[in-house]
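Right, one structure below, let's go through it.
Numbering of ligands and ligand atoms starts at 1, following listing order.
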Amino acid sequence: MIDFQHILNTIVEEISSEPDKGIVATYIPELAKVDCTKFGISLLDNNAKLYSSGEANEMFSIQSISKVLSLSMAFRILGNDLWNRVGVEPSGDPFNHLSLLEMENGIPRNPLINAGAIVIADILVTQLKNPKQEFLEYIRKIANDNSINYDESVAKSEKETGFRNYAAAYLIKSFGNLKNDVEEVLDFYFHQCSLRMSCEQLVTIFYIFSNRGECLQNHRYLDLNQVKRINAIMLTSGFYDEAGEFAFEVGLPGKSGVGGGIVALLPNKFCVATWSPGLNKKGNSKLGMLALEKLTTTTALSIF
Ligand code: DON
């Protein structure tokens with residue numbers, strides 16, 4: 001039997017002595033305030049056993065990790081019609097890149113780059129009566145935890161500086177692939193990105209993707225084919241122009257956020273989350289990636 005607790009403790013110890021912790025995101029001013037020496041890791045196995053080490057209970061801004069959750073909600077509502085509005089190919093470009101969008105007529109390459117997540121936000125704004133409230137309730141229900149909330153100061157901070165997201169949204173709208181008002185869609189998008197969670201809360205939610213669509217309370221959120229497709233998109237597109245590197249080093253489907261979180265999973269085995277706010281040049285957590293590489297190399301547990 002693998003001693004996950006011992007492995008996580010060892011990872012935290014090794015990570016703490018890494019001299020280069022990366023650089024915190026500054027383009028959203030509120031995120032620049034976070035202490036880059038923080039590190040947490042949690043792993044939830046498919047026997048529902050939770051292991052944690054470091055600052056695994058401290059909440060942080062999940063940012064782009066939320067794109068997987070909004071995708072799952074839109075997929076539940078629209079089914080395969082969703083793929084008329086957004087593609088499933090890796091972009092090989094940074095998360096906020098715009099030129100592909102222009103060349104491909106406003107159909108974003110995939111739902112995990114910003115442009116794709118903005119189209120998903122537009123779908124939810126169309127489909128839900130109170131989009132922000134209903135999305136929050138969906139997340140709280142999966143987590144079985146009503147303490148999860150948006151961070152209004154982070155949402156506001158991003159709204160004030162989110163020029164590239166405005167550019168993407170208007171470009172998509174010019175091609176007719178955004179049905180609602182840009183302000184309303186981006187207000188939803190900035191709020192979903194501002195969700196605050198700890199590593200422990202993240203693994204509890206992403207458990208549905210490692211546990212064939214069912215949460216810890218055995219409620220089904222997604223069918224097996226939907227889980228297969230979302231996990232495939234995480235593998236090919238979860239790390240933008242570093243998706244190849246993440247597959248090569250870690251070998252798991254996963255998703256990063258500029259708040260320094262990463263969540264990854266091995267289907268039917270475990271779900272793992274790390275938090276280290278310092279990012280590498282591609283906008284992914286530097287030490288989070290290193291920690292996950294250590295985990296899958298030590299245990300020889302990966303999809304490959
Ligand atoms: O839209 C943005 O730029 C941010 N709210 C999210 C970007 C992000 O997390 C990219 N991930 N690594």
Side-chain angles (χ1 to χ4, degrees), residues 22-32 34 36 60-71 86 90-98 101 108-122 124 132 135 150-172 178 182-183 185-197 202 206 233-246 250 253-264 273-289 292:
I23 297 168
V24 290
T26 52
Y27 79 101
I28 301 174
E30 266 314 286
L31 296 185
V34 180
C36 83
F60 57 90
S61 190
I62 71 164
Q63 291 297 319
S64 286
I65 295 173
S66 69
K67 293 168 178 171
V68 181
L69 304 174
S70 57
L71 168 64
V86 61
S91 72
D93 278 330
F95 59 87
N96 56 5
H97 207 248
L98 295 174
L101 198 54
R109 272 284 170 105
N110 66 67
L112 300 184
I113 51 172
N114 287 8
I118 289 169
V119 169
I120 298 294
D122 182 55
L124 292 177
K132 283 191 281 188
F135 179 64
Y150 299 123
D151 183 332
E152 291 295 337
S153 58
V154 170
K156 181 168 175 285
S157 181
E158 187 168 9
K159 185 183 164 78
E160 286 164 3
T161 55
F163 310 118
R164 294 190 74 86
N165 286 326
Y166 276 94
Y170 279 111
L171 196 50
I172 298 166
L178 201 104
V182 165
E183 284 296 343
V185 174
L186 288 183
D187 181 60
F188 178 86
Y189 172 75
F190 294 145
H191 275 84
Q192 71 163 76
C193 288
S194 81
L195 278 171
R196 282 173 68 75
M197 285 180 208
L202 267 179
F206 274 73
I233 293 172
M234 279 198 261
L235 182 74
T236 55
S237 310
F239 297 82
Y240 318 108
D241 45 342
E242 207 170 31
E245 178 78 7
F246 193 81
V250 179
K255 185 72 204 85
S256 62
V258 288
I262 297 181
V263 58
T274 56
W275 176 49
S276 174
L279 308 179
N280 63 21
K281 287 198 176 77
K282 309 267 170 139
N284 299 315
S285 171
K286 186 167 196 304
L287 297 185
M289 278 183 69
L292 292 172

What distance do Ile28 atom CD1 and Ser61 atom OG have between them, rounded to the nearest 0.5 Å?
7.0 Å
Identify the residue among Val24, Thr26, Val258 that makes a side-chain contact (heavy atoms from CB on, under 4.5 Å) with Leu31.
Val258
Contact check: Asn114 vs ligand 1, nitrogen or oxygen atoms, below 3.5 angstrom
yes
Take the angle between the ring planes of Phe239 and Phe246 and call it parallel below 30°, perpendicular above 60°, tilted in between.
parallel
Main-chain N/O of Arg109 paired with Ser91 side-chain donor or acceptor, under 3.5 Å:
no
Can a donor-acceptor pair be found between the side chains of Glu245 and Asn284 at a distance below 3.5 Å?
no
For Gly283, atoms of ligand 1 separated by under 4.0 Å from a heavy atom
12 (N)
Residue Asn165 vicinity, atoms of ligand 1 by number, heavy atom under 4.0 Å:
1 (O), 2 (C), 3 (O)
For atom 2 (C) of ligand 1, find the nearest protein heavy atom and state the residue, atom name and distance (0.1 Å precision).
Glu158 OE2, 3.0 Å
Numbered in order shown, the ligand 1 atoms found under 4.0 Å of a heavy atom of Cys193 are 5 (N)
Would you kindly say whether Asn114 and Asn96 are connected by a side-chain donor-acceptor distance under 3.5 Å?
no
Would you check if there is a donor-acceptor pair between the side chains of Glu30 and Ser157 at a distance under 3.5 Å?
no
Do Phe190 and Glu160 come close enough that some side-chain heavy atom pair is under 4.5 Å?
no
Have a look at ligand 1 and work out which part of Phe190, if any, has a heavy atom under 4.0 Å from it: side chain, backbone, both or neither.
neither
At a non-hydrogen distance cut-off of under 4.0 Å, which region of Arg164 contacts ligand 1 (side chain, backbone, both, or neither)?
neither
Quick one: nearest non-hydrogen protein atom to atom 3 (O) of ligand 1, plus distance?
Tyr27 OH, 2.6 Å
Among non-hydrogen protein atoms, atom 9 (O) of ligand 1 lies closest to Ser64 OG, 2.5 Å
For Tyr240, take its heavy atoms, then give the atoms of ligand 1 lying under 4.0 Å from any of them.
10 (C), 11 (N), 12 (N)
Which ligand 1 atoms does Val258 reach within 4.0 Å, using its non-hydrogen atoms?
7 (C), 8 (C), 9 (O), 10 (C), 11 (N), 12 (N)
Under a 3.5 Å threshold, yes or no: a donor from one side chain and an acceptor from the other, between Ser64 and Lys67?
yes
Look at atom 1 (O) of ligand 1 and say which protein heavy atom is nearest, naming residue and atom and giving the distance to 0.1 Å.
Tyr189 OH, 2.6 Å
Numbering the atoms of ligand 1 from 1, which are under 4.0 Å from a heavy atom of Gln63?
4 (C), 5 (N), 6 (C), 9 (O)
